[in-house]
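Throughout, a chain's letter reflects where its sequence line sits, starting with A, and its residues are numbered from 1.
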Amino acid sequence: MVPSWERKLLSEGEAPDPRFTLANERTFLAWIRTSLGLVAGGIGADAFLTDVPDLERELLSSLLLLMGGVLAVAAYRRWWAGERAMRSNQPLPLLGLVGLIGYGVGLAALVLIGTVLLR
Amino acid sequence: MVRSDDPGLQVERTTLAWIRTSMAFAVVSLLLIRTGRPETIVVAMVLTLTGLAASIGLSLVQRARHRGRVTDFNHSDPVHGFRAVGVATGLTLLLVLAALWCVWL
């Protein structure tokens, strides 16, 4: 039984080659694992930076966790947009958050390095 | 016995990707224990066990539907199962909220 929302999605355009659907799903999963990596970083920062003042540690940890959450939502939107684009033979949309996540992770790494060196 | 007609083993690779993601979810859930202060350790442990159960469930569901997806693929039928994508996103967001709770309380 196909759920109604899935039927609605499938009613638009034509079903793409199953290989493309599966590739889109794997890309989504790769993004989710990246998101989980950020969550792991956030938990790790809280658990292991014990010499850092509480507020700073919590803020750094929260920043990484929130980035992980944003990335999970972005991954879902990206998957959805890709599925719709493939069904209507449109070009795949670019994920605007790639740059933001790249710079965000870079910034977080610099802050972490600074925190460890200065403690 | 179901045989795959796909020389690229797309379904198999996708199922493996799901299982890898489930394992990553389990590892991150385990890390939650490290955030537990004496006053919150019990809740952190409950959240960890819930996360582990979710990751096991996700793996088993993907493993169970692998055969059906291979059959769909062999018949060139559209691949279904979009609900799992929503579930994976939701579980990740719940993990983020659980971690934020553990960090701030």
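- Each of A:V73 and B:L97 belongs to its own hydrophobic cluster when Ile, Leu, Val, Met, Phe, Trp and Tyr are linked at side-chain heavy-atom distances under 4.5 angstrom.
- Judged purely by atom type and a 3.5 angstrom limit, B:R69 has no side-chain atom pairing as donor or acceptor with the backbone of A:L22.
- In the hydrophobic cluster analysis, where Ile, Leu, Val, Met, Phe, Trp and Tyr join through side-chain heavy atoms closer than 4.5 angstrom, B:V103 is grouped together with B:W101.
- When all heavy atoms of B:L93 and A:G69 are compared, the closest pair comes out as CD2-O, 3.5 Å.
- The minimum heavy-atom distance linking A:L65 with B:A99 is given by the pair CD2-CB, 3.6 Å.
- Aromatic rings of B:F82 and A:W79 (six-membered ring for Trp) have centroids within the 6.0 Å cut-off, being under it.
- Here A:S62 is the residue among A:S61, A:G68, A:S62 with the most heavy-atom pairs under 4.5 Å with chain B.
- Not a single donor-acceptor pair under 3.5 Å links the side chain of B:R20 to the backbone N or O of A:A30.
- Side chains of A:E25 and B:W18 form a contact here, defined as non-hydrogen atoms less than 4.5 Å apart.
- Nearest approach of B:A24 to A:L36, heavy atoms of both residues: CB-CD1, 3.9 Å.
- Here the SG-CD1 distance, from B:C102 to A:I43, works out to 7.5 Å after rounding to the nearest 0.5 Å.
- The side-chain heavy atoms of B:T92 and A:L71, taken from C-beta on, include no pair separated by under 4.5 Å.
- Contact annotation: the side chain of B:T89 approaches that of A:F28 to within less than 4.5 Å [non-hydrogen atoms, C-beta and beyond].
- Contact of the A:P18 side chain with the B:D72 side chain is not registered, since no non-hydrogen atoms from C-beta on lie closer than 4.5 Å.
- Placement of A:L66 and B:L47 within a single hydrophobic cluster is found when ILVMFWY residues are connected by side-chain heavy-atom separations under 4.5 Å, directly or transitively.
- One hydrophobic cluster holds both A:V39 and B:V43 under the rule that ILVMFWY side chains link at heavy-atom gaps under 4.5 Å.
- The 12-atom threshold is not exceeded at CZ of B:R63, counting heavy atoms of other residues, nucleotides or ligands nearer than 6.0 Å.
- The shortest heavy-atom contact between A:R26 and B:A17 is CG-CB, 4.2 Å.
- The contact between A:S35 and chain B is made entirely by side chain atoms (from C-beta outward), counting heavy-atom distances below 4.5 Å.
- Both B:L31 and B:W104 sit in one connected hydrophobic cluster of ILVMFWY residues. Membership requires side-chain heavy atoms under 4.5 Å apart, directly or through other members.
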